[in-house]
Amino acid sequence: MKLYFIAGEDSGDLHSKNLVRALKAQVPSLETRGVGGDKMIDAGTELIAHIKDINFMGFWEVLKNLSTIRRLFKKVKADIRIWKPDAVVLVDYPGFNLRMLPFLKELGLPVYYYISPQLWAWKKGRKEIIRQYVDRMFVILPFEKDFYAKEGIEVDFVGHPLLDELTYKPVEKEESKTIALLPGSRSQEIKRMLPVMLNMTHHFPGYNFVVAGAPSKTEAFYKDMIGNKPVELRMNQTYKILEEADYALVTSGTATLETALHGVPQVVCYKGSFISYQIGKRLVQVKFIALVNLILDRLAVKELIQNEFNVANLKKELELLMDSSHRSRILKDYDDLREKLGNEGASERCAKSLLGYLGDAVVQP
């Protein structure tokens, strides 16, 4: 059997790796190919494009890189025609994957979507494409099954794959005076977030600051921004950094959930380009941007968005994290979060369901 994967971000690369390994454990003869990153390569997937070259964020940034995206579309379409997979597995990355759907259906290929695009955050009009073109959706957030049910779309809730990566449960730990800086994984967001985060070194001189470098970036990329500031840069060691950290400043995204599951009190930060933010503000309809808050349906961790994300506010919120009663309240919320996310084994459950839906297309070893 041959499966074609398309994942365009670091988190998608990680979860695709685990899904591929779970699939190959059941079907050793499985061949996988597509778009992804180093982790998918480690799982034995042959890539035709790497996420480090295609990971763009925001409306304006996508517009500026349209020629690159169009070339990728053509390359992926041609490759799928030639390779002739039995099915295609799309992993998050909605800006690209949703636009790929009509082509895949035109070819008559079964299409499975792992990790739902955040359609629940958008105003009406984007759900119909899932109904029309996706054979089955595998969702990882507990409220997504009910969301799709209200839209008349059946999906499988498999649990969150981060629980397979993280065995750490939130507990009180001895303070090491370490503050983790997680500025994101895309070039544009890192350039906006990291300089403001680095300013905290002036206000908290007794603390150790550690920058979590994304696997798809180079050390030189970060060092140009860090300059001579007293921080440590560690590449591709986010979980190790979070195991040691007392507090974290985190760019909104999957990292907010990773930070919570490591039991690290955090401030969630986000700032997009002016144009992207203005467009997004008119299209998105959610109470919160952090996954932690969305899943709990309450403001468990502070969000500093757009103009609120500045040195003064970040300093104030970081000081608040250091209050013992505030820290204890956040850790209690993290316990509630983990309970809502369910049990480990998301990758195996997704693999089993996917193979079940594929049915006769599976070539048994």
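FYI, the numbering just counts along the sequence from 1.
- In this structure, CD on Glu303 lies 6.0 Å from CG on Leu299, to the nearest 0.5 angstrom.
- Partners of Glu308 under the salt bridge (Lys or Arg N to Asp or Glu O under 4.0 Å) rule, at least two apart in sequence or in another chain, do not exist in this structure.
- The CG atom of Leu354 lies 12.0 Å from the OG atom of Ser347; values are rounded to the nearest 0.5 Å.
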- [ ] Evaluate side-chain contact (heavy atoms from CB on, under 4.5 Å) for Ile115 paired with Val139, printing each intermediate quantity in order.
- [x] CA-CA 5 Å; Ile115 305 180; Val139 302; over 6 Å; no
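- Taking OG1 of Thr32 as the start and OH of Tyr4 as the end, the distance is 11.0 Å to the nearest 0.5 Å.
- Inspection of the Arg136 and Tyr112 side chains reveals no N or O donor paired with an N or O acceptor under 3.5 Å.
- Defined by atom type and a distance below 3.5 Å, a donor-acceptor pair is missing between the side-chain atoms of Tyr247 and Thr178.
- Salt-bridge annotation for Asp156 and Lys352: absent, with no side-chain N of the basic residue lying under 4.0 Å from a carboxylate O of the acidic one.
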- [ ] Could you check Tyr113 against Asp92 for side-chain hydrogen bond (donor to acceptor under 3.5 Å, both in side chains), going step by step and ending with a plain yes or no?
- [x] CA-CA 7 Å; Tyr113 214 127; Asp92 201 0; 5.5 Å; no
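- In this structure Tyr239 satisfies the ring pair (Phe, Tyr, Trp, His ring centres under 6.0 Å) test together with His262, sequence neighbours excluded.
- At a threshold of 4.0 Å, the pair Lys105-Asp135 counts as salt-bridged, since one of the basic side-chain nitrogens sits closer than that to a carboxylate oxygen.
- A donor-acceptor contact shorter than 3.5 Å links the side chain of Thr201 to the backbone of Leu198.
- With Arg99 contributing its side chain and Gly95 its backbone, the two residues share a donor-acceptor pair below 3.5 Å.
- Atom CG of Asn343 has 12 or fewer neighbouring heavy atoms from other residues, nucleotides or ligands inside a 6.0 Å radius.
- For residues 218-228, the pairs satisfying side-chain hydrogen bond (donor to acceptor under 3.5 Å, both in side chains) are Glu219-Lys223, with sequence neighbours left out.
- In this structure, Asp86 contributes its side chain and Leu3 its backbone to no donor-acceptor pair below 3.5 Å.
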Task: Pair Ile140-Val158, side-chain contact (heavy atoms from CB on, under 4.5 Å): steps then yes or no - done: CA-CA 6 Å; Ile140 65 173; Val158 296; 4.3 Å; yes
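- Residue Glu154 places its CD atom among 12 or fewer non-hydrogen atoms of other residues, nucleotides or ligands, all under 6.0 Å distant.
- Note: Glu165 CD to Thr238 OG1 = 11.5 Å, rounded to the nearest 0.5 Å.
- Considering only heavy atoms from C-beta on, Leu261 comes within 4.5 Å of Leu341 through its side chain.
- Scanning for ring pair (Phe, Tyr, Trp, His ring centres under 6.0 Å) contacts around Phe73 gives Phe96, with sequence neighbours left out.
- One distance of note links CD1 of Ile153 with CZ of Phe147; it measures 7.5 Å at 0.5 Å rounding.
- Put simply, the side chain of Leu355 reaches to within 4.5 Å of the side chain of Leu23, judged on heavy atoms.
- Residues Ile330 and Leu320 fall into different hydrophobic clusters, defined by Ile, Leu, Val, Met, Phe, Trp and Tyr side chains chained together at heavy-atom separations under 4.5 Å.
- For the pair Met225 and Lys191, the tightest heavy-atom approach, listed with the atom from each and the gap, is SD-CA, 3.8 Å.
- Between Glu232 and Asn208, the side chains place no donor N or O within less than 3.5 Å of an acceptor N or O (distance only, hydrogens not considered).
- At distances below 3.5 Å, at least one donor-acceptor pair connects side-chain atoms of Lys75 with backbone N or O atoms of Ile48.
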TODO: Please step through side-chain contact (heavy atoms from CB on, under 4.5 Å) for the pair Leu321 and Val267, ending with a clear verdict.
DONE: CA-CA 8 Å; Leu321 289 187; Val267 180; 3.8 Å; yes
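- Linking Ile, Leu, Val, Met, Phe, Trp and Tyr whenever their side-chain heavy atoms come within less than 4.5 Å leaves Val210 and Met322 in two separate clusters.
- Using a distance-only test at 3.5 Å, with no hydrogens or angles considered, a donor-acceptor pair links the side chain of Arg327 to the main chain of Asp246.
- Taking a cutoff of 4.0 Å between a charged side-chain nitrogen and a carboxylate oxygen, Arg192 and Glu189 do not qualify as a salt bridge.
- Between Arg338 and Glu344 a salt bridge is recorded (basic side-chain N to carboxylate O distance below 4.0 Å).
- Considering Leu181, Leu233, Ile226 in turn, Leu181 is the only one that fulfils the side chain to side chain contact (heavy atoms under 4.5 Å, CB included) rule with Phe209.
- Under the rule for a salt bridge (Lys or Arg N to Asp or Glu O under 4.0 Å), Lys316 has no partner lying at least two apart in sequence or in another chain.
- Under the 4.5 Å side-chain heavy-atom criterion for ILVMFWY residues, a single connected hydrophobic cluster contains both Val196 and Phe221.
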- [ ] With side-chain contact (heavy atoms from CB on, under 4.5 Å) as the test, would you mind laying out the steps for Phe138 and Tyr357 before giving the verdict?
- [x] CA-CA 12 Å; Phe138 304 101; Tyr357 289 122; 3.8 Å; yes
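- A distance-only check finds no donor-acceptor pair linking the side chain of Lys145 to the backbone of Pro142 [under 3.5 Å].
- Closest of all the heavy-atom pairs between Leu109 and Pro85 is CD2-O, 3.2 Å.
- A salt bridge does not link Glu31 to Lys2: none of the charged side-chain nitrogens sits closer than 4.0 Å to a carboxylate oxygen.
- Salt bridge annotation for Arg21-Glu348: absent, with no cationic side-chain nitrogen under 4.0 angstrom from a carboxylate oxygen.
- Residues Ile130 and Met137 meet the side-chain proximity criterion, which asks for heavy atoms closer than 4.5 Å.
- Remark: Lys340 pairs with no residue by the salt bridge (Lys or Arg N to Asp or Glu O under 4.0 Å) rule, at least two apart or across chains.
- Glu317 contributes no side-chain N or O that, together with a main-chain N or O of Lys302, makes up a donor-acceptor pair within less than 3.5 Å.
- If you check the side chains of His50 and Asp38, you find a donor sitting under 3.5 Å from an acceptor.
- With no hydrogens or angles considered, a side-chain donor-acceptor pair links Tyr334 and Gln266 at under 3.5 Å.
- Residues Pro117 and Leu98 share a closest heavy-atom pair of CG-CD2, 4.2 Å.
- Taken together through direct or relayed side-chain contacts under 4.5 Å among Ile, Leu, Val, Met, Phe, Trp and Tyr, Ile80 and Val35 form part of one hydrophobic cluster.
- Between the side chain of Asn199 and the backbone N or O of Pro195, at least one donor-acceptor pair lies under 3.5 Å.
- Between Lys217 and Ile190 the shortest heavy-atom distance is CG-CD1, 4.2 Å.
- Of all the heavy atoms in Ala7 and Ser16, the pair that sits closest is CB-OG, 3.6 Å.
- Taking CG of Asn236 as the start and CD1 of Ile241 as the end, the distance is 9.5 Å to the nearest 0.5 Å.
- Side-chain N or O atoms of Thr251 include one that pairs as donor or acceptor with a backbone N or O of Pro183 at under 3.5 Å.
- Of all the heavy atoms in Ile289 and Tyr270, the pair that sits closest is CD1-CB, 3.6 Å.
- Under a 4.0 Å N-O distance rule, the pair Lys17/Asp13 does not qualify as a salt bridge.
- Looking only at distances, a side-chain donor or acceptor of Thr256 sits under 3.5 Å from a matching main-chain atom of Gly253.
- Residues Asn293 and Lys287 have side chains not in contact (no heavy-atom distance under 4.5 Å, counting atoms from C-beta outward).
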